[in-house]
Amino acid sequence: MIARTSAHLHAFFKFKGNFISNSHLLPPLKSPLSYSQLGLQCSTHTTRFLASIHSISFSNGDQRPQSKFQKLTSLDDAFNLFDEMTQRRPLPSVVKFTQLLNAVTKMKLFSSSLDLFKQMCVIGVPLDVYSMSIAIRCCCQLYRTNDGFALLGCCFKRAVVPDVFIFSTLLDGLVLEDRILEAERLFKKLIKHNLCEPDVVMYSTMIKGLCKFGSNDIAIALLRLMDERGCKPDIVVYSTIIDSLCKDRMINDAFKILKEMVFDKGILPNVITYNSLIYGLCLLCRWDEVSKMLQEMEDVRISPNFRTYSILVDAFCKEGKVNDAEAVIDIMNERGEVPNIVTYNSLIDGYCLRGEMSKARIVFYSLMSRGLVPNVITYSSLLNGYCKNLKIEEAMDMFHEITRKGLKPNIVTYNTMIQGLFAVGRCGDACKLFDEMQAQGLLPNRITYGIILDGLCNNQQVEEALSLFHLVGDSKLNSNIVVYNILIDGASKCGKLDIARDLFNDLTLKGLQPNVWTYNTMISGLCGEGLLMEAKHLFLKMDDSGCTPDNVTYCVLLQGSLKNQHYDDVETLLQEMDEGSYSLDASTLSLLIDQTAAGSLDRSMVKLIGRLVPKELMDAPS
DNA sequence: CTAGGGTTAG
């Protein structure tokens, strides 16, 4: 089974290792810009689509605004109205058709909207810059930005001059598809060739793209540039940047930008800005400041909305503070913000992560009694809970329940289940499921890869994991510090410290930054082999390279020092911990107590040790 | 009659 497994995995990752898509480069544009110069290929589908578009002259219908377009609530109504309009003679104006198109687009029915657009072309409604921009937006929202560019080509052909709306929409499409290089290129061309003067929306779209790509600095540079060019950044631009900084845990920078917005530009934050900041503070577990933010919102009379509550519920659950999450849900109910399935999913996940499966099930039944329908995420959380508790049969039941309920397990479901099978040592079944997943048309991702490497390492198949790793080679999959952390841990735990060292050196050569985990794993491995000097050396090195040691680092080093009778080091470490507000974990603490009792550790340290005991351990009866 | 920002499973 093992041999079959590995051949299998190898074969897969060898050929599919690079499934993370690369952006396609746009050829440089020449002025004047034309569709073909944008270099985007039409699909056959698009070609047919274009072929169906004809320009025929039209008669003007009446021009008064009609509210019936906004009143449309169902697609059927829209189609009926469309049919009725096409029967009228003279044909209603393009404005009427565009209003209808817009109504359907507002319902997010982009495909239907495009169908209507095609029919408009067929019956000869002339296209103007408005109708074109809506059609292009539909393409872009459907992740068919290339088709959007094809329509841009139509604009050129029929002398519709594309405006800043159309270009912003296309830019947004490229950003949506992660084609950031092309987005940048398009943006620069537009400015360079004076095709349109970017407005605040276009800047904000480009800034969103830069943030998404992880270049907050460049995004901020663009913020400065727009200001210089006389385009005033507004709350959306600022909030985009603030949100990105918050997501990247750069909360201080986020507050700096916020201050600039408020004090230099006189723009007050709104509920969206607050939500971003609250999210960022939650990520960093800075609960005091979260509550300050909520207080501030109340002071300036901005009510928290559904998303605010959702962020809080989710954050509390992730922190294990499920009771606090429950309290937030109560508040939501009181204030008429009805919790939805996502809210309850967070709660279920919170209980599952704490292993409180019966409570998770209670929430599960209560959400159903409220008429909410569990989705694949609900089941995946429960599945994950059972897996983490090593209740593999229950997990399997849950897995099958998903299909029984007519839902489809997704990549997360499979990843979770595969991880669960590895956790109980059922490697063969894990691999079978890996096959099944692909048979279902799901592509393994970097998480799958990590789970498999980790699963192999923890089931005495480190060699297998390493050969899989080498086979994947220089692919993007291996440019991930997590992969190294798993392998370094696996290698050192089975006594292959040389390999662990090699991996550690290799990652730096690749330009990867070791993180706290990497250092902790290496230090732990070195301590395990009694190589205290080398471990201490690495400890100093990590601090030098800007990686702050955490509790784990100190506890690992303490345990190493204790087990190797380096009592001087124990004292130094304890003092450093005291100065840096670190705390002891349960196992290190009990080791310290044992050694003090046995007389090998000086009693003068007891007081110091006492200060390092975290509150949780004090309360726990042991 | 057309374009931009916030939460959500591993």
Side-chain angles (χ1 to χ4, degrees), chain A residues 63 65-66 69-70 93-103 105-106 128-138 140-141 162-173 175 198-209 211-212 234-244 246-247 269-280 282-283 305-315 317-318 340-346 348-350 352-353 375-385 387-388 410-420 445-448 450-451:
Chain A
Q63 301 276 324
Q66 281 183 12
F69 296 105
Q70 277 115 49
S93 74
V94 63
V95 176
K96 293 283 166 292
F97 280 104
T98 308
Q99 283 173 325
L100 176 57
L101 213 56
N102 194 31
T105 309
K106 286 260 156 68
D128 61 1
V129 70
Y130 294 98
S131 49
M132 286 304 275
S133 98
I134 296 177
I136 290 174
R137 183 166 121 81
C138 291
C140 290
Q141 292 294 313
D163 60 3
V164 66
F165 283 80
I166 287 187
F167 286 121
S168 284
T169 306
L170 286 166
L171 197 67
D172 197 42
V175 170
D199 64 0
V200 65
V201 175
M202 186 175 269
Y203 278 111
S204 83
T205 308
M206 194 63 236
I207 284 174
K208 175 178 70 174
C211 287
K212 191 175 172 189
D234 62 4
I235 183 135
V236 177
V237 174
Y238 275 106
S239 294
T240 306
I241 293 174
I242 289 172
D243 186 65
S244 177
C246 287
K247 285 204 178 103
N270 61 16
V271 64
I272 296 182
T273 326
Y274 278 110
N275 284 349
S276 294
L277 292 165
I278 289 173
Y279 180 78
C282 285
L283 267 186
N305 62 11
F306 186 85
R307 287 201 181 189
T308 322
Y309 296 119
S310 302
I311 291 167
L312 292 172
V313 170
D314 197 59
C317 289
K318 287 209 175 90
N340 65 10
I341 185 68
V342 179
T343 325
Y344 285 105
N345 281 349
S346 296
I348 289 181
D349 202 53
C352 287
L353 290 178
N375 58 19
V376 66
I377 300 177
T378 326
Y379 290 108
S380 296
S381 286
L382 288 163
L383 171 65
N384 184 40
C387 284
K388 294 285 139 70
N410 62 20
I411 183 76
V412 178
T413 324
Y414 276 104
N415 284 349
T416 311
M417 196 67 235
I418 290 170
Q419 191 171 41
N445 58 16
R446 63 193 172 85
I447 307 286
T448 323
I451 288 171

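Keep in mind that this is a model prediction, so the values were computed, not measured. Heavy atoms only: backbone and side chains are in, while hydrogens, waters and symmetry mates are out. Numbered from 1 within each chain, the chains take letters A, B, ... in sequence-line order.
- Within the 4.5 Å cutoff, no side-chain heavy atoms of A:Y130 are placed close to those of A:V95.
- In this structure A:K388 satisfies the salt bridge (charged side-chain N to carboxylate O under 4.0 Å, His left out) test with no other residue, sequence neighbours excluded.
- Take A:S133 and apply the side chain to side chain contact (heavy atoms under 4.5 Å, CB included) test, not counting sequence neighbours, and it matches A:I166.
- With sequence neighbours left out, A:D163 forms a side-chain hydrogen bond (donor to acceptor under 3.5 Å, both in side chains) with no residue at all.
- Under the side-chain hydrogen bond (donor to acceptor under 3.5 Å, both in side chains) criterion, A:D172 pairs with A:K208, sequence neighbours left out.
- Here B:dT8 presents its P atom at 17 Å from CD1 of A:I348, a figure rounded to the nearest Å.
- The salt bridge (charged side-chain N to carboxylate O under 4.0 Å, His left out) search around A:D349 returns none, not counting sequence neighbours.
- Comparing B:dG10, B:dC1, B:dA9 by their nearest atom to the side chain of A:T416 picks out B:dG10.
- The phosphate of B:dA9 (OP1 or OP2) has no side-chain N or O of A:N384 nearer than 4.0 angstrom.
- Note: CE (A:M417) to C1' (B:dG10) measures 13 Å, nearest angstrom.
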Would you mind building the protein contact string for nucleotides 2-7 of chain B? One character per nucleotide, 5' to 3', B for base within reach (heavy atoms under 4.0 Å), S for sugar-phosphate only, - for untouched. BBBBBB

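- Distance, A:K96 NZ to B:dC1 P: 9 Å, rounded to whole Å.
- Using a 4.0 Å heavy-atom criterion, one finds that A:N410 contacts the bases of the nucleic acid, with or without backbone contacts as well.
- Atom C1' of nucleotide B:dA9 and atom CD1 of A:I418 are separated by 15 Å, given to the nearest angstrom.
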